[in-house]
Amino acid sequence: MTQLALKTVSLVAVTAAATSLLIQACGGGAVAQTAEGADPIEGVWESSVTIKDCSTGAVVRTFKGVGLFHRGGSLTADNSLPRATQGIALGNWRRDAGLSYTANFRFLRFNPDGSLAGSQKLQRTMTLAADGNNLAGTLAGQVIDLNGVVLQPICGSETAIRIY
């Protein structure tokens, strides 16, 4: 693994640890859910994601993800795919109407040698269940090379449960 890849992995680990400690110090998701002005989606969610071929609908892969919907509309997300192939996802979210939400985020992609391959951008369209602890949605996105050229579309779906 290259020095840059090791530094990237270390930075991601430190960021994740600091975020986790901050959540614990603030009393977890319960504070966000009951605080005045909090949005129901704020907190930490664990997702089960299914990526499909956009043309045929055939399942390409499934994986787990975790996302932190921060107060004010920012989003941090990660998943169970190999760390060497991608960085942490950063983005934003907004409430559309009722319990419907849209989240946009992007992460960097890496080649097997650790060099930068480009990025991936995704849009999640989600509906929060009335209980506030489950959501379901769809994903649409693009794999983008270093020159901004779209290499392939991404389609999928997710379900998630609140973990904090």
Side-chain angles (χ1 to χ4, degrees), residues 5 8-9 11-13 15-17 19-20 23 28-29 32-33 39-71 73-146 148-164:
T8 301
V9 169
L11 179 60
V12 168
T15 301
T19 301
S20 180
I23 291 168
Q33 292 174 24
D39 191 281
I41 203 167
E42 291 174 19
V44 181
W45 295 81
E46 181 178 84
S47 299
S48 295
V49 180
T50 301
I51 301 298
K52 300 176 182 178
D53 181 294
C54 294
S55 299
T56 67
V59 173
V60 175
R61 70 177 172 271
T62 61
F63 56 90
K64 293 286 189 179
V66 65
L68 173 57
F69 290 80
H70 303 271
R71 175 154 310 175
S74 62
L75 170 67
T76 307
D78 202 356
N79 63 47
S80 62
L81 297 176
R83 175 57 42 218
T85 64
Q86 65 183 29
I88 194 165
L90 302 172
N92 59 35
W93 62 269
R94 72 173 186 270
R95 189 174 190 168
D96 295 326
L99 295 176
S100 296
Y101 295 84
T102 302
N104 295 288
F105 56 96
R106 185 178 286 236
F107 60 85
L108 299 177
R109 295 181 315 100
F110 300 98
N111 294 310
D113 67 1
S115 63
L116 185 62
S119 64
Q120 188 166 310
K121 69 178 184 177
L122 291 163
Q123 182 176 71
R124 295 164 63 186
T125 303
M126 305 157 289
T127 301
L128 186 63
D131 69 4
N133 292 315
N134 295 278
L135 64 79
T138 60
L139 298 102
Q142 301 170 325
V143 176
I144 303 166
D145 74 9
L146 290 172
V149 175
V150 175
L151 300 176
Q152 74 182 60
I154 300 168
C155 300
S157 61
E158 73 171 312
T159 59
I161 60 169
R162 179 185 303 279
I163 56 176
Y164 297 109

Asker: Does anything in residues 84-94 form a salt bridge (Lys or Arg N to Asp or Glu O under 4.0 Å)? List the pairs, not counting sequence neighbours.
Answerer: R94-D96
Asker: Between D39 and W93, does the side chain to side chain contact (heavy atoms under 4.5 Å, CB included) criterion hold? Intermediate values first, please.
Answerer: CA-CA 11 Å; D39 191 281; W93 62 269; 3.7 Å; yes
Asker: What pairs of residues pass the salt bridge (Lys or Arg N to Asp or Glu O under 4.0 Å) test when at least one of them lies in residues 55-64, not counting sequence neighbours?
Answerer: none
Asker: Side chains of T102 and Q123, heavy atoms from C-beta outward: is any pair under 4.5 Å?
Answerer: yes
Asker: Report yes if the side chains of I163 and W45 come closer than 4.5 Å at any heavy-atom pair, otherwise no.
Answerer: no
Asker: Start with the C-alpha gap between S74 and N92, add the side-chain angles, then the distance that decides, and say whether side chain to side chain contact (heavy atoms under 4.5 Å, CB included) holds.
Answerer: CA-CA 4 Å; S74 62; N92 59 35; 5.6 Å; no
Asker: Should F69 and L75 be marked as a side chain to side chain contact (heavy atoms under 4.5 Å, CB included) after you check the CA-CA gap, both sets of side-chain angles, and the distance that decides it?
Answerer: CA-CA 5 Å; F69 290 80; L75 170 67; 4.0 Å; yes
Asker: Please name the pair of heavy atoms, one in I88 and one in A77, separated by the smallest distance, quoted to 0.1 Å.
Answerer: CG1-O, 3.0 Å
Asker: Can you tell me how far apart CG (N104) and CG (L90) are? Round to the nearest 0.5 Å.
Answerer: 13.0 Å
Asker: Under the side-chain contact (heavy atoms from CB on, under 4.5 Å) rule, collect the residues that match up with A117, sequence neighbours excluded.
Answerer: R109, N111
Asker: Measuring from atom CG of L108 to atom CG of L116, what distance do you get when rounded to the nearest 0.5 angstrom?
Answerer: 5.5 Å
Asker: Does I41 form a side chain to side chain contact (heavy atoms under 4.5 Å, CB included) with R95? I'd like the steps, not just the answer.
Answerer: CA-CA 9 Å; I41 203 167; R95 189 174 190 168; over 6 Å; no
Asker: For residues V49 and N79, determine if any side-chain heavy atom of one lies less than 4.5 Å from a side-chain heavy atom of the other.
Answerer: no
Asker: Excluding sequence neighbours, so at least two apart, what forms salt bridge (charged side-chain N to carboxylate O under 4.0 Å, His left out) with R106?
Answerer: none
Asker: Indicate the atoms forming the closest heavy-atom contact of F105 with A89, along with that distance.
Answerer: CD1-CB, 3.4 Å
Asker: Got a second to check how far L122's CG is from I51's CD1, nearest 0.5 Å?
Answerer: 7.0 Å
Asker: With rounding to the nearest 0.5 Å, note down the distance linking OG1 in T127 to CG in L99.
Answerer: 8.0 Å
Asker: So which heavy atom on G87 is nearest to which on F110, and how close?
Answerer: N-CE1, 3.7 Å
Asker: If the condition is side-chain contact (heavy atoms from CB on, under 4.5 Å), which residues does T56 pass it with, not counting sequence neighbours?
Answerer: D53, A58
Asker: For a 4.5 angstrom cut-off between non-hydrogen side-chain atoms, does F107 reach D78?
Answerer: no
Asker: Looking at residues at least two apart in the chain, or sitting in another chain, which of them share a side-chain contact (heavy atoms from CB on, under 4.5 Å) with A129?
Answerer: D131, N134
Asker: Side chains of residues 148-158: which donor-acceptor partners sit under 3.5 Å, not counting sequence neighbours?
Answerer:
unit_1 : atom_1 : unit_2 : atom_2 : d
E158   : OE1    : S47    : OG     : 2.9
E158   : OE1    : R124   : NH2    : 3.1
E158   : OE2    : R124   : NE     : 2.7
E158   : OE2    : R124   : NH2    : 3.2

Asker: What distance separates T159 OG1 from M126 CE, expressed to the nearest 0.5 Å?
Answerer: 13.0 Å
